[in-house]
Amino acid sequence: RAKDLGRGITVEFEDAFDVDTKVQDRLEHLLRQTLAGNGIDVAYQPLVEAGSGAICGVEALARWQAPDGTCYGPDMFIPLAEKSGLIDLLGMQVLRKSVAAARHWQGISLSINVSPLQLKNPAFVQNVLDTITDAGFDAHRLCVEVTEGVLISDPEQAQRAISGLKQAGVKISLDDFGSGYASIGTLRQFGFDRMKIDRSLILALDNDTNGGAVLNATIALANALNIPVTAEGIETEEQATLVRLSGCDELQGYLFSKPVTAAQLSAFYFDRNSTKTA
Ligand code: C2E
Ligand code: MG
Ligand code: MG
Ligand code: MG
């Protein structure tokens with residue numbers, strides 16, 4: 001009967017909705033709990049000079065092991081943190097932990113990822129500067145990575161925050177360039193110190209016949225604007241060679257290193273330095 005059928009369908013949708021909300025609420029609760037316990041972890045992925053292969057920086061990447069033991073990826077918990085108003089707390093926790101760790105890695109930069117929502121917080125710039133001052137971390141060694149989303153949703157507020165950081169010596173990088181819609185005007189206006197070419201353009205090298213031409217054109221555009229370029233997601237020697245030839249001066253990807261713990265990076269870093277002086 002049509003009536004029963006209709007009811008059946010309704011019930012199904014309601015069930016699905018309920019489950020979804022319950023899962024969301026549960027995860028939000030767990031994330032809140034982790035944040036309260038200062039439990040967000042940070043992994044560090046090296047950035048290397050295209051010419052020498054030497055480490056010139058690290059990117060801090062948030063990691064979350066929930067109290068029930070499950071590890072979630074940032075592609076899941078960052079949107080959750082944004083939705084539930086926890087992103088400011090999460091972002092500052094990542095910053096605090098990573099400046100404390102990177103303080104010991106002399107001579108290399110520290111990049112952190114910042115959500116568009118964080119830039120909208122009027123206290124953001126001051127919070128960042130206070131945190132690095134407290135840690136004794138040099139502002140010139142910090143690089144903030146923003147995505148194109150920032151430029152579209154609230155350009156004036158984003159511009160204010162970016163200017164404030166730049167005035168203090170912090171570098172600003174445009175992350176995932178080539179995955180969205182940033183116009184040439186926007187690239188000029190914001191005065192980015194660096195652009196990171198999105199991994200999709202690197203993947204296109206293997207998959208699309210015109211992948212190389214698109215990559216070259218993208219890097220040429222950045223070069224024309226005098227903005228240095230990092231290629232992310234480099235997994236093969238072949239890709240590394242192609243991006244070097246196109247004019248990238250900095251590379252990042254599994255070919256060089258996966259994201260590692262602070263302890264692993266410290267061990268590597270001090271090992272290398274002590275070998276040098278020995
Ligand atoms: P992203 O900033 O573009 O970071 C690069 C992502 O690519 C990282 O994933 C990294 O582990 C991964 N990756 C690096 N090299 C390779 C490679 O050679 N091959 C492949 N397949 N992947 C590679 P992850 O750590 O899962 O982070 C995903 C995204 O989550 C980041 O993309 C960033 O947008 C966001 N995110 C991570 N940590 C934070 C954070 O603390 N705050 C904010 N707001 N966002 C964050
Ligand atoms: Mg990034
Ligand atoms: Mg990126
Ligand atoms: Mg990305």
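Everything numeric here is computed off the predicted structure, so don't read it as measured data. In each ligand, atom 1 is the first atom listed, and ligand 1 is the first ligand listed. Counting begins at 1 with the first residue of the sequence.
- The part of Asp175 lying near ligand 1 is the side chain, judged by heavy-atom distances below 4.0 Å.
- The nearest N, O or S atom of Glu232 is not closer to the Mg ion (ligand 2) than 2.8 Å.
- Heavy atoms of Arg63 come nearer than 4.0 angstrom to ligand 1 in at least one pair.
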*Can you list the steps and then say if Arg160 with Gln157 is a side chain to side chain donor-acceptor pair (under 3.5 Å)?*
CA-CA 5 Å; Arg160 259 195 301 277; Gln157 180 63 31; 2.9 Å; yes
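- Side-chain contact check for Gln264 versus Lys258: every heavy-atom pair is 4.5 Å or farther apart.
- Using a 4.0 Å cutoff on heavy atoms, Glu59 counts as a contact of ligand 1.
- Between Pro259 and Arg63, the closest side-chain pair of non-hydrogen atoms falls below 4.5 Å.
- Separating the CG atom in Asn216 from the CG atom in Leu201 is a distance of 11.0 Å, to the nearest 0.5 Å.
- Side-chain contact check for Leu80 versus Gln24: some heavy-atom pair is nearer than 4.5 Å.
- Counting only heavy atoms from C-beta outward, the side chains of Ser173 and Thr230 never approach each other to under 4.5 Å.
- Here the angle centred on the Mg ion (ligand 2), running from OE2 of Glu59 over to OD1 of Asn113, is 90°, rounded to 10°.
- At a 4.0 Å cut-off, at least one heavy atom of Arg199 sits close enough to ligand 1 to count as contact.
- For ligand 1, none of its N or O atoms has an N or O atom of Pro259 under 3.5 Å away.
- Proximity of Glu235 to ligand 1 is established by a heavy-atom distance of less than 4.0 Å.
- Atom OD1 is the N/O/S atom of Asp176 found closest to the Mg ion (ligand 3).
- Glu145 contributes atom OE1 as its closest N/O/S atom to the Mg ion (ligand 2).
- Those atoms of ligand 1 with a heavy atom of Gln45 less than 4.0 angstrom away are 14 (C), 15 (N).
- The distance from ligand 1 to the heavy atoms of Glu232 drops below 4.0 Å at these ligand atoms: 3 (O).
- In this structure, the side chain of Arg194 does not engage the main chain of Glu250 through any donor-acceptor pair within 3.5 Å.
- Near Gly253, meaning under 4.0 Å from any of its heavy atoms, are these atoms of ligand 1: 15 (N), 18 (O).
- Less than 4.0 angstrom separates some heavy atom of Val94 from each of these atoms of ligand 1: 41 (O).
- Within ligand 1, the atoms closer than 4.0 Å to a non-hydrogen atom of Asp75 are 28 (C), 29 (C), 30 (O), numbered from 1 in the order shown.
- The ligand atoms of ligand 1 that sit less than 4.0 angstrom from a heavy atom of Ser115 are 44 (N).
- For the pair Glu82 and Pro116, the minimum side-chain heavy-atom distance is below 4.5 Å.
- In the displayed structure, Glu238 atom CD is contacted under 6.0 Å by at most 12 heavy atoms of other residues, nucleotides or ligands.
- Residue Asp175 approaches the Mg ion (ligand 3) most closely through its N/O/S atom OD1.
- Contact atoms of ligand 1 toward Ile78: 39 (C), 40 (C), 42 (N), 43 (C), 45 (N), 46 (C) (distance under 4.0 Å to a heavy atom of the residue).
- Between Phe177 and Val229 the shortest side-chain heavy-atom distance does not fall below 4.5 Å.
- Distances shorter than 4.0 angstrom occur between a heavy atom of Gly233 and an atom of ligand 1.
- Under the 3.5 Å distance criterion, the side-chain polar atoms of Lys83 are left unmatched by any main-chain donor or acceptor of Glu28.
- Taking 4.5 Å as the limit, some side-chain heavy atom of Leu142 sits within range of a side-chain heavy atom of Leu95.
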